[in-house]
There are 2 protein chains.
Amino acid sequence: MEYMNTAPVASSASAGGPRWLTDEEQRVWRSYIEAATLLEDHLDRQLQRDAGMPHVYYGLLVKLAEAPQRRLRMTELAMSAKITRSRLSHAVARLEKSGWVRREDCPSDKRGQFAVLTEEGQEVLRKHAPGHVSAVRQAVFDRLTPEQQKSLGEIMRIVAEGLQPREAGADLPWLR
Amino acid sequence: MEYMNTAPVASSASAGGPRWLTDEEQRVWRSYIEAATLLEDHLDRQLQRDAGMPHVYYGLLVKLAEAPQRRLRMTELAMSAKITRSRLSHAVARLEKSGWVRREDCPSDKRGQFAVLTEEGQEVLRKHAPGHVSAVRQAVFDRLTPEQQKSLGEIMRIVAEGLQPREAGADLPWLR
DNA sequence: TGATGGAAGTTGAGAGTTCAAGCAGAATCG
DNA sequence: CGATTCTGCTTGAACTCTCAACTTCCATCA
């Protein structure tokens with residue numbers, strides 16, 4: 001009896017026993033885990049080395065850069081980046097220290113805070129975007145056919161949807 | 001001029017300028033990032049809550065469970081899990097504290113160490129595998145058609161291959 | 001044998017993340 | 001209005017990960 005993989009191997013009867021993954025499903029799952037691990041690691045390294053920040057932080061700057069006044073409420077930013085507010089708080093504190101983001105009080109809600117991309121923040125993006133795109137291209141797009149790219153998009157969209165926030169809850173309204 | 005996403009938006013001329021991602025490529029990339037973030041987070045939470053360890057650690061136990069004597073050299077384990085040796089060292093130290101793994105000296109190479117899955121380690125896997133598989137199934141496999149599953153496998157295999165270790169280097173022979 | 005370089009693994013400090021708790025302001029309602 | 005509850009965001013401690021040394025042992029070769 002093989003127990004698991006990052007999920008176990010086949011051999012399911014009919015009754016309530018857990019539906020293990022088939023061999024094929026397992027191969028798929030392992031490929032996913034490996035690629036995801038290697039990829040995130042690769043991008044983290046690339047950005048840490050070149051831009052001095054991890055991939056997630058870079059993503060935050062990008063979201064801000066695209067937002068109306070290059071600003072977003074903390075909660076909005078957290079939701080859009082799919083991270084907890086707590087994590088965001090720490091992250092923004094760090095980005096503030098680096099001078100790439102600044103906090104601003106929200107006039108309409110005294111509890112609220114805006115995270116605002118600074119000029120230096122924009123500069124950092126301008127400077128390192130090319131390297132980052134190229135890393136992404138090299139690791140992913142250059143290796144996939146147009147059909148595969150399309151497939152990947154559909155698949156990931158479905159998975160993401162299934163895990164979306166839904167209803168509220170303690171510190172993580174999102175993340176179920 | 002849109003600068004970036006977690007990679008910038010289109011508008012490329014002909015000369016050397018960075019080849020930005022097209023709108024469609026960007027949508028794909030964002031979906032990927034979102035799904036990967038939500039998924040890893042979801043599994044980490046599930047396992048942390050139920051089994052008292054993060055997803056990566058669970059993966060390590062699984063690798064050991066499948067290995068010949070339920071043991072693997074540190075370096076082998078690190079490579080197979082796609083993580084650095086340093087990270088593994090810390091991880092195994094923690095797993096040892098929890099009593100799920102034990103270290104053993106390698107007879108043939110005095111520098112070498114085996115990570116060995118303990119009886120408690122196996123027990124933990126047996127106990128929590130069902131919940132974990134079910135989480136993976138719910139989040140991924142149950143939502144995809146067989147074709148999509150196959151596609152996902154191929155795509156991720158390609159990406160993983162492209163990022164594989166190749167030649168040696170400092171502390172991270174893998175991870176380029 | 002002894003020097004030299006490489007390989008296996010660990011370590012410590014700093015950075016990032018999680019979790020539970022906490023504070024202040026907003027909203028609801030009697 | 002005052003009490004109660006909810007929302008927005010922050011905090012601190014515990015934990016994990018990264019990065020750059022560092023130690024020990026193996027391998028090569030003169």
Side-chain angles (χ1 to χ4, degrees), chain A residues 37 40-49 52-60 72-79 81-98 103-115 165 167-175, chain B residues 37 40-49 52-60 72-79 81-98 101 103-115 165 167-176:
Chain A
T37 305
E40 186 54 20
D41 230 72
H42 183 66
L43 298 181
D44 263 341
R45 253 177 246 293
Q46 187 264 313
L47 282 170
Q48 188 70 59
R49 170 168 49 71
M53 71 187 120
H55 187 207
V56 206
Y57 288 26
Y58 184 88
L60 295 175
L72 240 29
R73 287 287 296 268
M74 295 296 282
T75 296
E76 291 182 277
L77 182 49
M79 288 199 304
K82 266 71 192 165
I83 63 177
T84 61
R85 288 187 248 178
S86 171
R87 186 175 178 185
L88 181 63
S89 251
H90 290 296
V92 166
R94 193 291 210 173
L95 289 171
E96 222 172 354
K97 254 177 229 167
S98 302
R103 283 183 224 246
E104 261 182 44
D105 294 340
C106 174
S108 61
D109 185 338
K110 286 176 187 170
R111 296 166 301 178
Q113 288 276 100
F114 280 104
E167 294 312 311
D171 196 13
L172 15 156
W174 34 94
L175 307 175
Chain B
T37 304
E40 187 53 20
D41 230 72
H42 183 66
L43 297 181
D44 263 342
R45 251 175 248 293
Q46 187 265 315
L47 282 169
Q48 188 70 59
R49 168 167 50 72
M53 71 187 122
H55 186 207
V56 206
Y57 288 24
Y58 185 87
L60 295 174
L72 242 28
R73 287 286 295 268
M74 294 297 282
T75 296
E76 291 182 277
L77 182 49
M79 288 200 303
K82 266 69 192 168
I83 63 177
T84 61
R85 288 187 245 176
S86 172
R87 185 175 179 184
L88 180 62
S89 250
H90 290 297
V92 166
R94 194 287 214 173
L95 290 171
E96 223 172 356
K97 252 177 229 165
S98 302
V101 167
R103 281 182 224 246
E104 261 182 45
D105 293 340
C106 173
S108 60
D109 184 337
K110 285 177 188 168
R111 296 166 303 178
Q113 288 277 102
F114 280 104
E167 295 312 312
D171 195 14
L172 14 157
W174 38 91
L175 308 175
R176 56 151 333 127

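A, B, ... follow the sequence lines: proteins, then strands. Residue 1 opens every chain.
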In whole angstroms, how far is the P atom of D/dT23 from the CD atom of B/Gln113? 18 Å
A/Arg73: what forms a side-chain hydrogen bond (donor to acceptor under 3.5 Å, both in side chains) with it, not counting sequence neighbours? none
4.5 Å side-chain heavy-atom contact, A/Val56 and B/Thr37: no
Holding to side-chain hydrogen bond (donor to acceptor under 3.5 Å, both in side chains), I want the full list of residues that pass it with A/Glu76, two or more places apart in sequence or in another chain. none
C/dC19 C1' sits how many Å from A/Ile83 CD1, rounded? 15 Å
Enumerate all atom pairs, one protein N or O and one N or O from nucleotides 25-27 of chain C, separated by less than 3.5 Å.
unit_1 : atom_1 : unit_2   : atom_2 : d
C/dG25 : N2     : A/Arg111 : NH1    : 2.9
C/dA26 : OP1    : A/Lys110 : N      : 3.4
C/dA26 : O4'    : A/Arg111 : NH2    : 3.4

Taken in chain and number order and not counting sequence neighbours, the residues that satisfy side-chain hydrogen bond (donor to acceptor under 3.5 Å, both in side chains) with B/Gln113 are none
Rounded to the nearest angstrom, tell me the gap between atom CZ in B/Arg85 and atom P in D/dT23. 17 Å
In this structure, CG of A/Leu47 is separated from NE2 of A/His42 (nearest 0.5 Å) by 9.5 Å
Carefully, step by step, assess B/Leu60 and B/Val101 under the rule side chain to side chain contact (heavy atoms under 4.5 Å, CB included). CA-CA 10 Å; B/Leu60 295 174; B/Val101 167; over 6 Å; no
At what angle, to 10 degrees, do the two end axes of the helix from C/dT1-D/dA30 to C/dG30-D/dC1 meet, given five pairs define each axis? 10°
Considering only nitrogen or oxygen atoms on both sides, find all protein atoms under 3.5 Å from nucleotides 14-18 of chain C and state each distance.
unit_1 : atom_1 : unit_2  : atom_2 : d
C/dG16 : OP1    : A/Arg94 : NE     : 3.2
C/dG16 : OP1    : A/Arg94 : NH2    : 3.1
C/dG16 : OP2    : A/Arg94 : NE     : 3.4
C/dT17 : OP1    : A/Arg87 : NE     : 3.1
C/dT17 : OP1    : A/Arg87 : NH2    : 2.6
C/dT17 : OP2    : A/Tyr57 : OH     : 3.1
C/dT18 : O4     : A/His90 : NE2    : 3.0

With A/Asp105, which residues qualify under side-chain hydrogen bond (donor to acceptor under 3.5 Å, both in side chains), at least two apart? none
List for me each residue that meets side-chain contact (heavy atoms from CB on, under 4.5 Å) alongside B/Gln48, sequence neighbours excluded, and say none if there are none. B/Pro54, B/Arg94
Are B/Met74 and B/Arg85 close enough that some pair of their side-chain heavy atoms sits under 4.5 Å apart? no
Using a cut-off of 4.0 Å on non-hydrogen atoms, how would the nucleic acid contact of A/Arg103 be classed: base, sugar-phosphate, or nothing? sugar-phosphate
From NZ of B/Lys97 across to C1' of D/dA14 the rounded distance in Å is 11 Å
